[in-house]
Amino acid sequence: MPDEPGVDAPDTFEFETGIENAPVEPYQAHEIRVFRAPKNTVRMTVRHERSYIRVRPVNASPMAHSDRYVSLLDIKNEEVAFIKDLNDLDEGSRQVIEEELAHRYLRATIERVNSIQMEYGVTYWDVMTDRGKREFVIRGHENTHWASDARLLLTDVDGNRFEVVDYTRLDPHSIQLIETNV
Amino acid sequence: MTDTTTTYKERMPDALADRCREALREGETVRIAAATDLTEDLRFEERWLLVTDQRLLRFDSNGSGAGNGDASIPFIELSDAKSAAVEELVGSGRINVVIGNEDIEVIRYTPSQRAKFARIARGIDQLIKDDPVDMQGEVDKTRCDRCARLLPEPNGICSACTNRLAMMRRIARYALPFKGKLALMVFLSLLFTLAELGPPYIMGRIIDDVLDPSAAGASGDPFSFLYLLVGAYAVIRLVSFVLEIFKDRLSVWLGGRVIVSVREDLYENLSRLNMKFYNKRQVGSLISRVSNDTESMMWFLVDGVPYILTNLLLLVGILVLLFVTSWQLTLMVLIPIPLLVTGGWYFWTRLIRAFRTKYYRWGKLVGMAGEMLSSVRVVKTFVQEKREMRRFRSSNEGVFRGDYESEKEAAVFFSTVSMLTSSGMILVWYYGGAAVIDDTFTTGALIMFIAYLWMLYEPLRWFGELNTWSSRAMSGAEKVFEIVDTPAETEDREVPVEMKDMQGEVEFEGVTFAYEAGKPVLHDISLHVQPGEMIGLVGKSGSGKTTMTNLLCRFYDIDEGGLEIDGVPIRDIGLEDLRRQIGVVLQDSYFFSGSIAENIRYSSPDASLEQIMRAARTANAHDFICAKPDGYDTQIGENGKELSGGEKQRIAIARAIIHDPRILVLDEATSSVDTHTEKLIQEAIANLVKGRTTFAIAHRLSTLRRADRLVVLDAGRIVETGTHEELLDMKGYFYRMVETQRASTAVMAVGGGKADPNRGANGHTT
């Protein structure tokens with residue numbers, strides 16, 4: 001969450017990094033196993049010795065590397081494990097983490113652009129995504145971001161996220177709309 | 001809360017409503033019915049959440065769902081659930097219900113529906129816990145009422161539906177005080193138009209009545225007639241010259257005047273709007289409303305409106321004259337006009353798009369150059385000049401392409417217009433010439449006709465532009481009036497309680513507050529503060545310390561619970577009375593450009609220099625101020641950039657002393673300064689705090705040793721209260737904080753850093 005103005009300013013709580021707490025290395029992929037127990041809770045065990053009852057997988061770089069660099073946080077939002085590559089995990093663990101990540105990050109992929117209308121500095125989009133049809137409004141150019149020459153990331157006025165993976169591979173109509181309007 | 005909402009129901013499609021009724025048990029009543037736009041497997045489809053006094057149910061929009069046999073989630077009995085809450089994810093959110101030790105996802109929603117489901121989750125939680133249900137709060141309007149178009153911002157104005165005429169009328173209202181001048185301008189424009197129509201007529205007469213040898217004899221002396229006509233021509237030119245000057249001056253004055261009042265209204269309202277408004281907006285975009293948007297309005301009023309006025313009058317005048325001269329020729333002349341207008345329209349829309357791209361790329365190029373120049377040190381240290389050059393080159397190339405595209409369109413447009421215009425001319429020359437040869441039309445009349453024609457075509461070619469011009473002005477006006485019309489949120493009660501002399505007793509009673517719906521920053525805060533008491537607020541960042549003081553200043557209104565000063569609810573106290581008696585000293589105090597003296601007396605402009613000096617002495621600021629070459633007249637520079645951190649803080653304290661508040665908020669007033677300066681500031685604060693109810697926030701716990709009581713916050717809740725000693729004896733949260741802080745500062749002390757500010761903290765509690 002971006003800093004809310006008026007909320008306490010970032011502080012200098014020096015005592016949090018006191019000498020007793022030397023930095024702890026997070027566990028790595030080969031040391032851990034991740035599973036569901038019970039069904040809606042993700043649990044992590046370390047070498048069958050220790051167990052973290054509730055962990056939360058988050059992506060360290062969800063835009064550029066959505067399939068790598070996953071951090072597992074405990075209830076206090078402290079990192080307990082860091083996985084560079086999901087393939088280093090056993091099959092079951094990987095599946096659980098992939099499911100959780102898919103639930104956490106929602107970014108609809110635009111497959112067709114039906115129309116783009118620009119009026120008074122806002123852009124009205126009507127698109128077909130991998131998750132269904134959607135209309136949205138984008139304000140200003142800072143919310144349309146070219147991640148590369150062909151990959152376009154969009155954030156609408158409410159904070160919904162959309163992505164065009166490679167606009168040059170869309171149909172000609174969509175390509176033309178994007179080229180003339182974005 | 002004054003009005004409580006115990007149910008929340010959206011209108012269901014009929015088929016679904018029927019299915020829902022069937023699914024209900026005997027005596028079961030619906031409390032919440034809400035549609036979401038996201039399914040449990042994250043597709044953009046409708047789902048309905050139904051909450052009754054007994055159960056939670058979820059339906060597809062066609063009516064199938066849990067509780068009907070074909071369940072995707074088993075329905076939830078409220079009696080099984082412990083609590084409910086929203087969980088914000090990335091790009092979506094969900095409501096979870098806790099059953100046993102597990103979170104069960106009830107419904108998923110996109111960020112567009114965040115506010116609504118935050119309230120609903122609160123309602124479900126209250127239903128589960130059998131608390132009184134209160135789902136109060138506004139649901140943001142995201143679509144336009146009239147055209148159902150998505151709004152550019154929630155509760156904003158639909159750009160497509162703003163009525164230009166209504167907007168013009170609104171602007172015209174600002175011109176009403178200058179009715180006389182307005183009428184004069186219209187009158188001058190009329191005269192000017194008439195004068196403009198004269199010369200071609202005279203031209204025609206000279207050719208026909210003076211130069212035409214067949215007519216020359218008929219009217220006596222051709223020279224006297226020539227003198228007369230040329231004289232008339234000269235007089236008309238002179239008159240229209242004078243008229244134009246006066247007319248233009250008048251329109252500049254009127255347009256400027258109107259914009260001055262608009263800008264004044266805008267600025268006045270901007271200063272009245274409360275903090276919530278500012279949190280949502282960028283300062284840059286607001287500044288652009290004060291400058292750019294009012295400016296585009298002004299140019300429209302100064303140039304556009306008079307232009308439209310005179311040209312419309314001219315158009316009518318010319319058409320009348322043309323028809324009188326020869327209606328057949330006139331009809332011929334009119335043939336290219338529809339083409340001209342529609343063609344102009346078509347090309348302008350394309351042109352605008354090209355220009356917009358061009359301006360966007362241009363802006364990016366300028367931004368990039370600016371970024372490079374302001375961070376030139378970084379670029380050089382990391383030897384990235386080549387990469388910067390590459391980035392610039394590709395951007396520069398983009399500007400060229402945008403330029404070329406737009407100019408290409410523009411060239412086609414202007415050539416087309418000229419061609420269409422000349423096609424009308426060709427027709428007139430051909431048929432008019434034939435008529436002159438046939439003797440049914442005179443040479444003079446033909447020349448006159450052609451002269452009028454030029455006058456007619458000239459404004460027409462700009463009509464397309466006029467459209468963009470006016471729409472830019474109208475969208476500017478829209479944005480300006482949007483702010484003028486935004487009500488100041490924390491408004492005074494109609495009859496606010498007068499409170500000229502506050503005692504300074506403060507009572508928080510079960511206060512809950514969220515900056516953003518669904519994410520409370522304070523939970524159930526209760527605290528009673530005696531007049532004159534000094535309270536130290538302690539806790540990690542984000543624990544809600546500053547938020548508490550923000551509520552006290554009424555920058556925001558509380559969501560739940562009560563906040564009273566001297567036994568009067570804070571909402572009932574006149575805002576001016578309230579703020580006049582609350583003083584705030586921040587870590588980063590803001591200063592206005594001006595002298596030190598002016599900044600100290602900002603809150604009380606009448607203070608004499610002696611009063612200012614007394615305040616500065618109490619704030620330990622007098623000495624260093626006097627040592628400056630210009631003393632109290634030292635110009636502070638924009639936001640005090642001429643001053644050091646410690647100096648700024650003491651000036652801020654002096655400012656608070658002059659303000660003489662009953663309630664004082666010190667937010668991190670002692671930031672990282674050297675030990676000597678810190679001592680000076682501590683003394684200054686001690687002087688300031690005397691006899692005032694004080695809320696002090698500090699991360700360095702030593703700064704709070706003078707506090708009568710410490711309030712320890714964690715995650716928006718009060719975890720401990722008591723004197724320094726009491727809290728240490730408790731060996732709880734505060735004790736651990738002090739211990740860890742001592743440990744880390746001891747390390748710093750060994751390293752030769754600052755003296756340990758915690759030493760002696762234990763003994764010095766008052």
Side-chain angles (χ1 to χ4, degrees), chain A residues 1 3-21 38-41 53-54 58-59 62 102-108 117-125 129-142 155-162 180-182, chain B residues 38 42-45 88-92 100-105 110-112 114 142 149-154 159-160 275 278-279 353 356-357 360 471 475 478 515-516 519 521 539-547 550 555-556 587 668 672 697 699 737 739-745 747-748:
Chain A
M1 197 192 88
D3 268 356
E4 190 76 55
V7 179
D8 295 342
D11 66 13
T12 47
F13 236 168
E14 296 131 334
F15 53 80
E16 290 243 309
T17 51
I19 36 172
E20 290 108 312
N21 307 331
K39 197 172 131 252
N40 289 302
T41 310
I53 295 171
R54 192 180 277 237
V58 299
N59 217 314
H103 259 272
R104 179 170 163 77
Y105 299 95
L106 175 66
R107 183 188 292 280
Q117 274 191 15
M118 217 183 220
E119 283 172 335
Y120 312 106
V122 296
T123 323
Y124 298 87
W125 291 64
T129 73
D130 56 339
R131 300 167 192 279
K133 195 174 141 49
R134 189 89 178 160
E135 289 170 48
F136 57 91
V137 191
I138 289 182
R139 185 178 25 211
H141 279 290
E142 60 269 32
T155 308
D156 82 350
V157 288
D158 295 316
N160 292 298
R161 290 140 183 261
F162 300 91
T180 46
N181 288 291
V182 185
Chain B
L38 197 61
L42 308 182
R43 281 173 299 111
F44 296 132
E45 268 170 46
E88 286 301 331
L89 300 162
V90 184
S92 75
N101 285 325
E102 271 212 282
D103 281 349
I104 309 284
E105 177 184 308
T110 70
S112 312
R114 187 188 292 141
T142 53
R149 201 183 293 247
L150 285 163
L151 293 173
E153 43 198 300
S159 326
M275 296 304 293
Y278 285 100
N279 287 348
R353 186 165 296 163
R356 205 158 37 196
T357 316
Y360 169 57
S471 51
S475 75
E478 224 168 76
Y515 288 103
E516 232 178 287
K519 293 183 194 162
V521 189
K540 291 189 205 176
S541 72
S543 58
K545 306 181 297 288
T546 302
T547 305
N550 278 344
F555 287 145
Y556 305 93
Q587 177 175 21
E668 277 297 307
S672 29
I697 299 174
H699 291 302
M737 276 171 78
E739 284 301 302
T740 21
Q741 197 171 66
R742 194 204 306 270
S744 62
T745 37
V747 175
M748 282 168 66

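Residue numbers start from 1 in every chain, and the chains themselves are labelled A, B, ... in the order their sequence lines are given, proteins ahead of strands. Below, all heavy atoms of this structure are taken into account, side chains as well, without hydrogens, waters or symmetry copies.
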- Would you say A:Asn40 has more than 12 foreign heavy atoms packed within less than 6.0 Å of its CG? yes

Original post:
Is B:Leu89 atom CG crowded by more than 12 heavy atoms from other residues, nucleotides or ligands, each under 6.0 Å away?
Top reply: yes

Given A:Lys133, A:Arg161, A:Arg131, the one with more heavy-atom pairs under 4.5 angstrom with chain B than any other is A:Arg131

Cut-off 4.5 Å, heavy atoms of chain B, and the answer for A:Thr155 is neither

Bottom line for A:Arg107: the part with an atom under 4.5 Å from chain B's heavy atoms is neither

Using 30° and 60° as the class limits, which term best fits the ring planes of B:Tyr515 and B:Tyr556: parallel, tilted or perpendicular? perpendicular

Residues at least two apart in sequence or cross-chain that pass salt bridge (charged side-chain N to carboxylate O under 4.0 Å, His left out) with B:Asp103, listed by chain then number, are A:Arg54

